[in-house]
Amino acid sequence: MNYWLMKSEPSVFGIDALAAARGKRSAWDGVRNYQVRNMLRDQMKKGDLAFFYHSSCEVPGIYGIVRVVKEGYPDSTAFDAKHHHYDAGSDPDKPRWYMVDVVLERKLRAPITLETLKQRAASFPELLILRRGNRLSITPVSLSDWQRIIKLESA
DNA sequence: GCCAACGTTGGC
DNA sequence: GCCAACGTTGGC
């Protein structure tokens, strides 16, 4: 069982869009970064939990928890010439990009904001999102960081 | 293989 | 809108 943090811009796909999706389930498509691709393809397992993080918005932070319900499979948006995330270099017989399916486990009662996390940065030595220059849209979260972060919801 | 130019991310 | 940081591209 692994833990993750998955970023999304709410203006593109936020927690409310996920909550409105059929079965509250969505394909996490459009990843075009090799490090993140490797996590999607090789490391994310059914049942893993992830923080759903809003980035590039007024109040960046964790807004919910999602669960992986389908492990890595080829990202079909890469094959669609009309799609925004089309990649001519991804051959259906040898897909370059992968995605997983996630389902909304629950929204947080109140977001755990980036500001809050930064204030307590000393408590989260391994949290990649707090490191300078981190730009990966999916990052692993250690079990101990996960547990400490969850506690902030009721703090 | 080097590295400058360019594109993207994301907080502010 | 700015800009630091980082990934990717492509000429050499």
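Chain A is the first sequence line, chain B the second, and so forth, proteins listed ahead of strands; every chain is numbered from 1. Any value given below was found using the heavy atoms of this structure, including those in side chains, with hydrogens, waters and symmetry copies removed.
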Give A:Glu9 one of three labels, base, sugar-phosphate or nothing, depending on what nucleic acid heavy atoms sit under 4.0 Å from its own. nothing
According to salt bridge (Lys or Arg N to Asp or Glu O under 4.0 Å), who are the partners of A:Arg67, at least two apart in sequence or on a separate chain? A:Glu105
Please list residues of residues 56-66 of chain A whose heavy atoms come under 4.0 Å from any atom in DNA chain C, ordered by number; otherwise none. none
List the residues meeting salt bridge (Lys or Arg N to Asp or Glu O under 4.0 Å) with A:Asp48, not counting sequence neighbours, and say none if there are none. none
Results of ring pair (Phe, Tyr, Trp, His ring centres under 6.0 Å) for A:Phe51 - residues two or more places apart only: A:Trp146
What are the bounds, 5' to 3', of the part of DNA chain B that sits under 4.0 Å from heavy atoms of chain A? B:dG7 to B:dC12
Pairing residues for A:Tyr34 by the ring pair (Phe, Tyr, Trp, His ring centres under 6.0 Å) criterion, not counting sequence neighbours: A:Trp97
Go through the structure and list residues passing ring pair (Phe, Tyr, Trp, His ring centres under 6.0 Å) with A:Tyr53, not counting sequence neighbours. none
Pairs touching residues 3-17 of chain A that satisfy salt bridge (charged side-chain N to carboxylate O under 4.0 Å, His left out), sequence neighbours left out: A:Asp16-A:Lys107
With sequence neighbours excluded, what pairs up with A:Asp87 under the salt bridge (Lys or Arg N to Asp or Glu O under 4.0 Å) test? A:Arg96
Does a salt bridge link A:Asp91 with A:Lys94, judged by any charged N lying under 4.0 Å from a carboxylate O? no
